[in-house]
Amino acid sequence: MTKTLYFSISNDPSDAADDALLINADNFIAMGPADTTQTTKMYFLDRANTGAAETIITLTHAEARSIDVMEDICEAMSSEPKDGFIVIADEAGGEFCSPYITACALTQL
């Protein structure tokens, strides 16, 4: 089964460019703490399929909780939902795979 990961920012409804992202879990490359103690970045193969970029999700979370957030994300991605749909961070809907995540931002590099 194909797993897809869902992310959204705080706009409700999420109907404009970069408000929300549904991405194939197979496109996941890596994740790690960012340059602050309150953000963790997830890296994916390019969602626009240009071959020259990558998609980055920046998750804001409680202070010094990067490891907890990464463990929660790994647990969510390892789950086996019937429909393959996994919510990582739905800021607009208030649903997160980790109790420490508070916000989400989408970036195309």
Side-chain angles (χ1 to χ4, degrees):
M1 170 189 305
T2 301
K3 293 181 185 179
T4 54
L5 309 177
Y6 181 72
F7 304 87
S8 79
I9 62 172
S10 62
N11 293 350
D12 190 15
S14 295
D15 59 357
D18 294 327
D19 276 359
L21 175 66
L22 186 62
I23 193 165
N24 189 318
D26 290 341
N27 289 344
F28 176 70
I29 300 170
M31 71 178 146
D35 55 353
T36 73
T37 60
Q38 292 181 304
T39 56
T40 297
K41 291 189 178 191
M42 296 181 72
Y43 300 89
F44 294 87
L45 296 174
D46 175 27
R47 73 176 187 245
N49 202 26
T50 63
E54 62 186 23
T55 298
I56 300 172
I57 307 295
T58 302
L59 302 168
T60 302
H61 52 73
E63 181 85 25
R65 291 295 188 164
S66 285
I67 291 174
D68 297 315
V69 166
M70 290 188 291
E71 287 174 348
D72 291 341
I73 291 169
C74 287
E75 187 175 317
M77 290 175 64
S78 297
S79 68
E80 294 292 336
K82 291 181 183 178
D83 58 2
F85 186 83
I86 301 169
V87 175
I88 301 297
D90 179 4
E91 190 176 347
E95 183 179 347
F96 303 96
C97 72
S98 173
Y100 304 111
I101 299 172
T102 59
C104 176
L106 314 175
T107 307
Q108 180 83 27
L109 288 183

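What you are looking at is a predicted structure, and each value in this text was computed from that prediction instead of being measured. Residues: numbered from 1 along the sequence shown.
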Student: Which distance, rounded to the nearest 0.5 Å, do you find between the CD1 of Ile9 and the CG of Asp19?
Tutor: 4.5 Å
Student: Report the distance from atom CD1 of Ile101 to atom OG1 of Thr60, rounding to the nearest 0.5 Å.
Tutor: 9.5 Å
Student: With the side chain counted from C-beta on, respond yes when Phe28 and Met77 share a heavy-atom pair under 4.5 Å apart, and no when they do not.
Tutor: yes
Student: Excluding sequence neighbours, so at least two apart, what forms side chain to side chain donor-acceptor pair (under 3.5 Å) with Thr39?
Tutor: Thr36
Student: Can you find a pair of side-chain heavy atoms, one from Leu106 and one from Ile57, that are under 4.5 Å apart?
Tutor: yes
Student: Identify, with sequence neighbours excluded, every residue that meets side chain to side chain donor-acceptor pair (under 3.5 Å) alongside Thr37.
Tutor: Glu63
Student: Quick one: are Met42 and Phe7 in side-chain contact, heavy atoms under 4.5 Å?
Tutor: yes
Student: In chain order, what residues pass the ring-ring contact (aromatic ring centres under 6.0 Å, His included) check against Phe96, with sequence neighbours excluded?
Tutor: none
Student: Using residues 66-75 as the side-chain source, report each donor-acceptor pair under 3.5 Å to any protein atom, sequence neighbours left out, with the distance given to one decimal.
Tutor:
unit_1	atom_1	unit_2	atom_2	d
Ser66	OG	Thr40	OG1	3.0
Ser66	OG	His61	NE2	3.3
Asp68	OD2	Arg65	NH1	2.7
Asp72	OD2	Ser98	OG	2.7

Student: According to the ring pair (Phe, Tyr, Trp, His ring centres under 6.0 Å) rule, which pairs have a member within residues 62-82, sequence neighbours left out?
Tutor: none
Student: So which pairs with a foot in residues 1-10 pass salt bridge (Lys or Arg N to Asp or Glu O under 4.0 Å), sequence neighbours left out?
Tutor: Lys3-Glu80
Student: Going by heavy atoms in the side chains, are Phe44 and Leu21 under 4.5 Å from each other?
Tutor: no
Student: Taking only residues two or more places apart in sequence, or in another chain, which ones meet Ala76 in a side-chain contact (heavy atoms from CB on, under 4.5 Å)?
Tutor: Ile86, Ile88, Cys97
Student: Tell me every residue that passes side-chain contact (heavy atoms from CB on, under 4.5 Å) with Asp26, counting only those two or more places apart in sequence or in another chain.
Tutor: Asn24
Student: If every non-hydrogen atom of Ser8 is compared with every non-hydrogen atom of Cys104, which pair is closest and at what distance?
Tutor: O-CB, 3.6 Å
Student: Can you list everything that forms a salt bridge (Lys or Arg N to Asp or Glu O under 4.0 Å) with Lys41? Sequence neighbours excluded, please.
Tutor: none
Student: How far does OG1 of Thr102 sit from CG of Leu59, to the nearest 0.5 angstrom?
Tutor: 9.0 Å
